[in-house]
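Data block below; observations after.
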Number of protein chains: 2
Amino acid sequence: MSSIVNTVTEVAEDVHTRERLLEAAARLFADHGYTHVTIRDICGAARANIAAVNYHFAGKAGLYDEVVQLAIHTMQSVTREAEDAGAGKNAEGRLRAYVHVFLTRVAAIDADGWMHHIMLRELSEPTSALDRIVDQVVRPRMAYLRGIVAELLGCPADDERVVRCAFSIHSQCIAMMNKPMVEQLNPSAGGRDGVGTMVDHITEFSLAGLWALARTT
Amino acid sequence: MSSIVNTVTEVAEDVHTRERLLEAAARLFADHGYTHVTIRDICGAARANIAAVNYHFAGKAGLYDEVVQLAIHTMQSVTREAEDAGAGKNAEGRLRAYVHVFLTRVAAIDADGWMHHIMLRELSEPTSALDRIVDQVVRPRMAYLRGIVAELLGCPADDERVVRCAFSIHSQCIAMMNKPMVEQLNPSAGGRDGVGTMVDHITEFSLAGLWALARTT
DNA sequence: TTGACAATGAAACAGCTGATTCATACAGTC
DNA sequence: GACTGTATGAATCAGCTGTTTCATTGTCAA
């Protein structure tokens, strides 16, 4: 039935069903959450049969698990990128680099921002995947951030004040991930160079807070 | 069948079915979100028949609408309480009062913190109710907060810097509403006087940020 | 060619959900 | 006492969801 010319290329054809399912599921889960997405939605978007989900991933939950694993890997790469961007700089420079990488990667929704959306959704509506995300992504990030804060405050990394300040900085970054909130409360931040402005703002605002608390130590 | 003594009290009996449904629905919707709660769950908790939801509220969506309306009213009362607590004080005192009322009312989950949970959930997973919440709760709150910030920065309330600073303060307060996040990243804040400590921290941290930006104006 | 095996497609299944129907109980009114 | 409208209860319905079953296809090795 197939011509001789493309017998080989037809094998590779498109991307394999498994990959298409993963890609479609990642986007849909990030956009609408686990429960709001049906496997029929996913298979429709991936041009695959319904049974393919159970065949390749042993069910919807298994597919979500793999998507989460994929998200964790990319989020870890974002953390590494933030650390690399601050390598060799002083604490202030490392903080700025951290906020910059975080916000730019988050703002690039079409690229890989969807993974952070999954994390955000897990935080506000935990599933069994939350523990993995916290252990493998959030904790290392906060540990790095606490290191910066501790240096700026001039006190040990496990000091309660360090934890609170890191929480304040993290809160501002997390808030930027929330599209509806940003659009309603800080619309200009969604604009073209709005992200850059917000990087500067969060950095300056937080540095001032840190310096003030450092003086009262 | 009923004794003469309590014929009247039996009419009022327990709270009416409609009230019980509203109460149970508010708690369940806040805890698990709209889609994860079934009308059977609600009717089970409210000791009511399934048909009662459709009879009193014309369906699940109608019940949720009424719950949201109830939440809006209480959240408005929180805003008013925050304004009253700051009445007559200077900008710094008003900011501290605002953060204090917000966090204490939010931390009191068993009391009326559930309403803020509904708001938080709407922000991360918008339904048609989000617009109402933003218009009637979030906007007035942010307007009040911007007034404080503008005074501290010494510039007009519609200045972009004011918007960004109000966003930073709001972000820290909102983050405190996220139970899993607080427990994972800032566990001591969930403790007994942890809320008081966080009120002081957010206030001091933000005031320092504001003063720093005011100097560069 | 034959058999084995991975992959896919079409159909059906069991469970749950929101909504509906219909009968019943009860309080107030004439 | 008969009637009316409100409120509740039990049963059922239609639709959707995740999963399963079974037949089919295509590929590779013997």
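Letters A, B, ... are given to chains in the order of the sequence lines, protein chains preceding strands, and every chain is numbered from 1.
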Excluding sequence neighbours, so at least two apart, what forms side chain to side chain donor-acceptor pair (under 3.5 Å) with [X]?
X        : value
B/Gln69  : B/Arg132
A/Arg80  : none
A/Asp131 : none

Q. What residues in residues 53-60 of chain B put a non-hydrogen atom under 4.0 Å from any atom of DNA chain C?
A.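 Output list: B/Asn54, B/Gly59, B/Lys60.
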**Q.** Inter- and intrachain pairs under side chain to side chain donor-acceptor pair (under 3.5 Å), touching residues 55-64 of chain B, at least two apart
**A.**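 As it turns out, the side chain to side chain donor-acceptor pair (under 3.5 Å) pairs with a partner in residues 55-64 of chain B, which skip direct neighbours, are B/Tyr64-B/Glu122.
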Q) Using the C1' atoms of five pairs at each end, what's the angle between the two axes of the helix from C/dT1-D/dA30 to C/dC30-D/dG1, to 10 degrees? A)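 Its terminal axes enclose an angle near 20°.
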Mind listing the side-chain donor-acceptor pairs of residues 194-204 of chain A below 3.5 Å, one per line with the distance, residues two or more places apart or on another chain?
from: A/Thr197; atom 1: OG1; to: A/Asp193; atom 2: O; distance (Å): 3.1
from: A/Asp200; atom 1: OD1; to: A/Arg96; atom 2: NH1; distance (Å): 3.4
from: A/His201; atom 1: NE2; to: B/Arg164; atom 2: O; distance (Å): 3.1
from: A/His201; atom 1: NE2; to: B/Ser168; atom 2: OG; distance (Å): 2.8
from: A/Thr203; atom 1: OG1; to: A/Val199; atom 2: O; distance (Å): 2.6
from: A/Glu204; atom 1: OE2; to: A/Arg96; atom 2: NH1; distance (Å): 3.3
from: A/Glu204; atom 1: OE2; to: A/Arg96; atom 2: NH2; distance (Å): 2.7

Partner set under side chain to side chain contact (heavy atoms under 4.5 Å, CB included) for [X], not counting sequence neighbours:
X        : answer
B/Ile50  : B/Ile39, B/Arg40
B/Ala143 : B/Arg146
B/Ala45  : B/Ala24, B/Arg27, B/Leu28
B/Val182 : A/Phe167, B/Met176, B/Ala189

What pairs of nitrogen or oxygen atoms, one from the protein and one from nucleotides 11-14 of chain C, lie under 3.5 Å apart?
none

Q) OP1 or OP2 of D/dT8 sitting under 4.0 Å from any side-chain N/O of B/Thr17? A)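 The answer is yes; a side-chain N or O of B/Thr17 sits under 4.0 Å from OP1 or OP2.
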Q: Please determine, for the side chain of A/Ile39, which listed nucleotide (C/dA19, D/dT17, D/dT19) has the closest atom?
A: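 Of the options given, the side chain of A/Ile39 lies nearest D/dT19.
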